[in-house]
Amino acid sequence: MGLSFLSEEVKSALAHLNYNFVSEIRLRLDKPVVVEYKGKYAYLTRFGVNDSPENAVLSGDLAETLNRATDGCIYGYTEQLKNGFITVEHGVRVGIAGEYVSDNGAISTVKSVTSLNIRVPHEPVGCSEYVCGALFKDKIAATLIYSKPGLGKTTLLRDIARRLSTEKLRNVLVLDERNEIAAMDGYGEGFDLGYADVVRCFSKLHTVSAAIRAMKPDVLITDELYGEDDIKAVGYAAECGIAVIASSHVTDREILKKMPFSYYVRLTSVGGIPEIYDKSFNSCCNSVSDDCARGAVFGK
């Protein structure tokens, strides 16, 4: 499940849980392990979860955990560390708190690690059924999926890529800046994105034009838009006549309205029915039956 870098005690405790419902693992120096399980935070014990820290598993040596996660080469993740987190095997994201060391104003590494926030990705096939049925039945419209962190934006993008590239037979290009959507390893193995083409990069703006020329996509899918450069990148794709489907942590509607999208999808809870708005943030697609959402699979 991509968590081989955790201590044996933590892995043994997690083995008693249903992995489909584990979305976050928080390790804090000399403190009990806390997990987000079935949408709620609880203490991890040797045989499950508990509301009390009594008998909870302790986090252990965080520096050693991080060392294993990076195969002993944290410096190989220098570019990612500028964002305060790294993405390791199978798309697992590790947020890092401690003493940030900077070089010319940019984070170069982290020492004296005090906390690790491990976000666990999932692949619930079918979770995009409601959104695809509402927005992409006849024509693929430029769409932004937004919410606060942890509600499944990247998970939804994965299933949209799979569905559009296989069922609709569209040429889908995934611009995977942090290797979280596809989570490919050195052998090209990762999440099932159907027939989508994947370009992994560190910058959307510096990659988008070459990727479009190389793969001639009908649809471009990318995640976590933030800042002027990211908006320029998706704007360039839109100017090329490519439908862009993206995600963002930004929730301010006045900012969102300025982005080049025709529809906005707001996620409110894990597995919940998304709210869909048009460019002016008028609620739309209400005619779509809720049965579409109930057919989505979010893990059992």
Side-chain angles (χ1 to χ4, degrees), residues 69-71 73-96 100-110 117 119 121 142-147 149 153-158 160-161 165 171-186 188 190-191 193 196-252 255-256 258-261:
T70 59
D71 291 326
C73 188
I74 186 67
Y75 294 99
Y77 292 80
T78 300
E79 191 68 26
Q80 292 189 41
L81 281 171
K82 293 177 181 179
N83 297 309
F85 62 86
I86 61 175
T87 304
V88 296
E89 59 181 5
H90 303 293
V92 173
R93 176 191 284 191
V94 182
I96 306 169
Y100 284 20
V101 180
S102 63
D103 182 17
N104 293 324
I107 300 170
S108 59
T109 189
V110 182
N117 178 24
R119 293 178 60 184
T143 302
L144 182 72
I145 301 161
Y146 74 97
S147 76
K153 294 184 294 298
T154 303
T155 302
L156 183 58
L157 287 177
R158 287 191 195 106
I160 290 174
S165 66
N171 293 320
V172 176
L173 173 64
V174 175
L175 206 59
D176 200 357
E177 183 171 352
R178 300 169 183 84
N179 195 28
E180 290 184 307
I181 304 176
M184 286 185 175
D185 59 21
F191 286 113
L193 301 185
D197 305 306
V198 180
V199 172
R200 289 175 287 169
C201 59
F202 285 121
S203 168
K204 297 179 182 69
L205 182 60
H206 296 137
T207 308
V208 63
S209 60
I212 288 174
R213 287 196 301 270
M215 302 313 300
K216 196 171 71 66
D218 304 309
V219 182
L220 186 145
I221 291 178
T222 191
D223 63 347
E224 296 199 11
L225 297 188
Y226 185 80
E228 187 176 331
D229 285 352
D230 283 2
I231 303 306
K232 285 181 179 178
V234 297
Y236 174 83
E239 290 170 0
C240 294
I242 299 166
V244 177
I245 303 172
S247 68
S248 177
H249 289 152
V250 175
T251 58
D252 186 309
I255 296 176
L256 294 173
K258 299 176 183 178
M259 297 184 183
F261 296 97

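Keep in mind that this is a model prediction, so the values were computed, not measured.
A donor-acceptor distance shorter than 3.5 angstrom exists from the side chain of T87 to the backbone of R178, with no hydrogens or angles considered. Counting only distance, with no hydrogens or angles, the side chain of K204 and the backbone of K232 share no donor-acceptor pair below 3.5 Å. Using modelled atom types, one side-chain atom of S247 and one backbone atom of E224 make a donor-acceptor pair closer than 3.5 Å. D218 places a side-chain N or O within 3.5 Å of a backbone atom of N171 that can act as its donor or acceptor partner. Put simply, the side chain of D230 never gets that close to the backbone of V234: no donor and acceptor are under 3.5 Å apart. One N or O on the side chain of R158 and one on the backbone of I181 form a donor-acceptor pair closer than 3.5 Å.
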Can you check side chain to side chain contact (heavy atoms under 4.5 Å, CB included) on I242 and C240, steps first, answer last?
CA-CA 6 Å; I242 299 166; C240 294; 4.1 Å; yes

Determine, step by step, whether Y77 and V88 satisfy the side chain to side chain contact (heavy atoms under 4.5 Å, CB included) criterion, reporting the C-alpha distance in whole Å, the side-chain angles of both residues, the deciding distance to 0.1 Å, and the verdict.
CA-CA 9 Å; Y77 292 80; V88 296; 4.2 Å; yes

Taking it one step at a time, do I160 and I145 satisfy side chain to side chain contact (heavy atoms under 4.5 Å, CB included)?
CA-CA 11 Å; I160 290 174; I145 301 161; 3.9 Å; yes

Under the side chain to side chain contact (heavy atoms under 4.5 Å, CB included) rule, what do L225 and V250 come out as? Steps first, then yes or no, please.
CA-CA 8 Å; L225 297 188; V250 175; over 6 Å; no

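Applying the side-chain hydrogen bond (donor to acceptor under 3.5 Å, both in side chains) criterion to S147, with sequence neighbours excluded, gives K153.
Just one residue in the list L193, I245, V198 forms a side-chain contact (heavy atoms from CB on, under 4.5 Å) with I221, and that residue is I245. With V219 as reference, V172 is the one residue of V174, V172, V244 to meet the side-chain contact (heavy atoms from CB on, under 4.5 Å) rule.
The side-chain heavy atoms of I231 and M259, taken from C-beta on, include a pair separated by under 4.5 Å. Counting heavy atoms from C-beta outward, L256 and F261 have side chains that stay 4.5 Å or more apart. No side-chain heavy atom of D197 sits less than 4.5 Å from a side-chain heavy atom of P217. Residues E177 and L175 have side chains not in contact (no heavy-atom distance under 4.5 Å, counting atoms from C-beta outward).
Taking CG of D223 as the start and CG of L156 as the end, the distance is 12.0 Å to the nearest 0.5 Å.
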